[in-house]
Amino acid sequence: MKGTEGIRKIAAGLGKYRYVLLVVLVGVLLLAWPAGEEKEAAAQPEAGRDIFQVEQLEKKLEKALSQVEGAGEVTVVLTLQGGPRQVLAQDGSAVEEGERTHRETSTILLSKGSGYQEPAVLQELGPVYQGALVVCPGGEEPRVKLALCQAVSALTGLRTDQISICKGK
């Protein structure tokens, strides 16, 4: 009986201060709310994101190419000529000064509210690959080499002379 009396006293005390506790709870939730995630994501360097995407594509290629008959366990290394980039919307004007023409361009910004602006993106271009290396135990067999080369070419847009297939351990 002593346990139930203690619970009743606590419940009565909580009922008395329920609005105070509600305000404190709302305050704690607001403090824990993730603030500024969009701004932090936008502020991350593009290079870090590019590296992650290339590594992710390499892993996907390794998994897919390992399924080719006779290839075995595959390791893929891709090199980039240029990473993904964005084409931004721009506004321009030209002023003629005698024989010379002076051009001015400015990037168009979109307002996201609260004073936050970001450039208007017209197009997002993927990375430009420079070459690929594929290492696998079946890399010396012509039929496996051809299948792997065609698969890498189809997925990356590389020419076959930019893809090297080597026999691994």
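Sequence positions, counted from 1, serve as the residue numbers for this chain. Keep in mind it's a predicted model, so treat the numbers as computed, not measured.
A distance of 12.0 Å separates CG in L61 from OG1 in T75, rounded to the nearest 0.5 Å. In this structure, CG in D91 is found 10.0 Å from OG1 in T107, a value given to the nearest 0.5 Å. Rounding to the nearest 0.5 Å places CD of Q162 at 11.5 Å from CG of L78. With rounding to the nearest 0.5 angstrom, the CZ atom of R159 is 11.5 Å from the SG atom of C149. In this structure, the separation between OG1 on T105 and CD on Q90 is 4.5 Å, given to the nearest 0.5 Å. In this structure, OG in S93 is found 5.0 Å from CD in E104, a value given to the nearest 0.5 Å.
For the residue pair G139 and K145, the shortest heavy atom distance occurs at O-CE, 3.4 Å. Shown here for A71 and P137, the closest heavy-atom pair between the two residues is O-CD, 3.2 Å. When every heavy atom of I165 is checked against every heavy atom of L148, the shortest pair comes out as CD1-CB, 3.8 Å. Of all non-hydrogen atoms in A94 and T101, the two that sit nearest each other are CB-CG2, 4.0 Å.
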Inset, instruction - Output, in order, the C-alpha distance, side-chain angles, deciding distance and verdict of side-chain contact (heavy atoms from CB on, under 4.5 Å) for Y129 and V152. - result: CA-CA 11 Å; Y129 297 99; V152 172; over 6 Å; no

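Cluster note: L133 groups with V77, V135 through ILVMFWY side-chain heavy atoms spaced under 4.5 Å, whether in direct contact or through intervening members. Counting side-chain heavy-atom gaps under 4.5 Å among Ile, Leu, Val, Met, Phe, Trp and Tyr, V95 is found in no cluster with other residues.
In this structure, the side chains of L80 and V128 stay at 4.5 Å or more apart for every pair of heavy atoms. Between V134 and S164, the closest side-chain pair of non-hydrogen atoms is not below 4.5 Å. V87 is not listed as a side-chain neighbour of V121, based on a closest heavy-atom distance of 4.5 Å or more. Q56 places none of its side-chain heavy atoms less than 4.5 Å from the side chain of K59.
More than 12 heavy atoms of other shown residues, nucleotides or ligands fall within 6.0 angstrom of atom CD in Q117.
At least one donor-acceptor pair under 3.5 Å links the side chain of E62 to the backbone N or O of V76.
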